[in-house]
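Proteins get letters first, then strands, A, B, ... in listed order; numbering begins at 1 in each. The basis for the numbers below is simple: all heavy atoms, side chains too, and nothing from hydrogens, waters or symmetry mates.
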Amino acid sequence: MPELPEVETVRRGLEPVMHGATIINADQNRPDLRFPFSENFVARIKDCKITDIKRRSKYLIFVLDNDLTIISHLGMSGSFRIVKENSEDQPGDFAHEKSKDGKHDHFVFHLDKNGHRAKVIYNDPRRFGFMLLVPLNELDEHAYFKDLGPEPTGNGVSSEYLAQKLQTKSAPMKSVLLDQRIIAGLGNIYVCEALWRARISPERKASTLVTKGGKPSAKLSSLTTHIHDVIGDAIRAGGSTLNDHIQTDGKMGYFQHQFNAYGQEGERCQHENCKGVIARITQSGRSSFYCPKCQT
DNA sequence: CCTTGAACCTGGGCGC
DNA sequence: TGCGCCCAGGTTCAAG
């Protein structure tokens with residue numbers, strides 16, 4: 001389920017239970033996810049304290065006090081849930097989850113924080129996610145991180161930055177915005193939403209949003225603002241679903257979020273005075289949803 | 001370099 | 001109730 005806002009939502013949900021906790025044990029329930037777990041995975045994290053939980057793009061990074069980090073990616077279907085020792089893991093608590101039978105609970109952290117025990121359970125039906133041990137001082141140069149572009153939450157993604165990146169690109173905007181080297185953390189949903197807000201067609205060639213002088217066009221400046229806004233809105237929407245800190249699941253963030261384009265095929269375009277209807281097209285194997293009338 | 005398509009895997013939804 | 005088909009939030013690799 002995870003694009004950047006969902007991963008950030010998960011991070012915030014895990015933070016109060018995991019930050020400062022000791023991994024007193026762990027269950028690795030199968031040899032691999034997307035690829036095999038690191039050698040002696042459980043032994044290398046056992047008895048370590050979690051000193052920080054960070055996020056970069058769609059990756060979670062658990063920093064341990066032995067100078068190792070656990071890089072965790074949720075793939076398409078990964079989720080974490082927290083079970084506190086004193087509370088019961090009643091099936092009813094997870095009635096909305098098909099995973100409640102534990103069939104795809106592939107990894108379990110057993111934690112102790114100041115005498116409070118909790119389990120943090122990683123569930124991933126499709127197993128596109130993974131966990132990997134990487135020394136802290138090798139993180140920045142690691143293959144997963146070294147080519148990543150700036151986070152869309154910060155001022156690294158400016159209209160000038162995008163103009164410079166897009167001016168040589170003939171590829172459609174859809175694929176350029178999905179390119180993690182240009183912006184880190186956008187996925188199919190929020191690319192569709194940002195393009196809808198900025199009224200840019202997903203098929204528009206990227207370089208046509210840059211002036212001959214290499215400056216951002218008005219539409220590109222608008223897109224920059226909308227990327228920041230849509231990601232910010234989604235993080236706020238996701239965060240508000242986690243106030244009980246029992247269920248940590250990015251799906252809830254998506255679930256409560258109202259989309260204007262993504263998944264809205266056949267619906268009226270919600271832009272004021274637009275009589276268009278949201279269409280679905282396929283671009284490089286993925287669905288794009290947009291309004292052909294006002295997104296140009 | 002760039003772009004596309006397939007692959008990884010399971011499950012849900014739909015039509016018949 | 002079941003079968004077959006299509007679809008799904010991501011990433012990576014091979015091939016054109």
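A donor atom on one side chain and an acceptor atom on the other are found under 3.5 Å apart for A:K174 and A:N188. Looking at A:Q283 and A:S288, their side chains do bring a donor and an acceptor atom within 3.5 Å of each other.
Among the duplex regions that DNA chain B forms, those built from at least three successive Watson-Crick or G-U pairs under 3.5 Å are B:2-8 with C:10-16, B:10-16 with C:2-8, ordered by first number.
Distance CD1 (A:I71) to P (C:dG10): 19 Å, rounded to an integer number of Å. The interatomic distance linking A:Q180 (CD) with C:dC13 (P) rounds to 15 Å, in whole Å. C:dA8 atom C1' lies 15 Å from atom CG of A:L74, rounded to whole Å. In this entry the distance linking CD of A:E3 with C1' of C:dG10 reads 9 Å, nearest Å. Taking atom CG of residue A:D124 and atom C1' of nucleotide C:dA8, one finds them 13 Å apart after rounding to whole Å. In this structure, CD1 of A:I182 is placed 14 Å from P of B:dC1, rounded to the nearest angstrom. At whole-Å resolution of the value, CD1 in A:I183 and C1' in C:dT11 are 18 Å apart. In this structure, A:H106 places its NE2 atom 17 Å from P of B:dC8, rounding to the nearest Å.
Here salt bridge (Lys or Arg N to Asp or Glu O under 4.0 Å) pairs that include residues 26-36 of chain A, with residues two or more places apart or in two chains, are A:R30-A:D32. Sorted by first and then second residue, the ring-ring contact (aromatic ring centres under 6.0 Å, His included) pairs with a member in residues 11-42 of chain A read A:F35-A:F130, A:F37-A:F41, A:F37-A:F107, A:F41-A:F107; sequence neighbours excluded. Within the structure, every pair that satisfies the ring-ring contact (aromatic ring centres under 6.0 Å, His included) test and touches residues 270-289 of chain A, not counting sequence neighbours, is listed here: A:W196-A:H271, A:Y262-A:F289.
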Pairs: protein N or O with nucleotides 1-7 of chain C N or O, under 3.5 Å:
none

Atom pairs, protein N/O to nucleotides 2-6 of chain B N/O, distance under 3.5 Å:
from  : atom 1 : to     : atom 2 : distance (Å)
B:dC2 : OP1    : A:K169 : NZ     : 3.2
B:dT3 : OP1    : A:A171 : N      : 3.1

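The side chain of A:H104 places an N or O atom within less than 4.0 Å of a non-bridging phosphate oxygen (OP1 or OP2) of B:dG11. Remark: A:K103 is in phosphate contact with B:dG11, judged by side-chain N or O atoms under 4.0 Å from OP1 or OP2.
By the ring pair (Phe, Tyr, Trp, His ring centres under 6.0 Å) test, A:H142 pairs with A:Y144, sequence neighbours left out. Checked against salt bridge (Lys or Arg N to Asp or Glu O under 4.0 Å), A:E15 has the following partners two or more places apart in sequence or in another chain: A:R11. In this structure, A:Y161 has no ring pair (Phe, Tyr, Trp, His ring centres under 6.0 Å) partners at least two apart in sequence or on a different chain. For A:F145, the ring pair (Phe, Tyr, Trp, His ring centres under 6.0 Å) test picks out A:Y59, with sequence neighbours left out. Shown here are the salt bridge (Lys or Arg N to Asp or Glu O under 4.0 Å) partners of A:R197, two or more places apart in sequence or in another chain: A:D233.
Using a 4.5 Å heavy-atom threshold, the side chains of A:C269 and A:C294 count as touching.
Separation of the P atoms belonging to C:dC13 and B:dC9 is 15 Å when rounded to the nearest angstrom.
By the 5.5 angstrom centroid cut-off and the 30-degree plane limit, A:F128 is classified as not stacked against the base of C:dT11.
For A:R126 against B:dC9, a side-chain-to-base donor-acceptor contact under 3.5 Å is present.
Toward the 5′ end of DNA chain B lies the nearest nucleotide of A:R286, the other residue of the pair A:R286 and A:R30 mapping further downstream.
If you chain together ILVMFWY residues whose side-chain heavy atoms come under 4.5 Å of each other, A:Y290 ends up grouped with A:I281.
Counting any heavy atom pair closer than 4.0 Å across all strands shown, A:Y144 reaches sugar-phosphate atoms only and no base atom.
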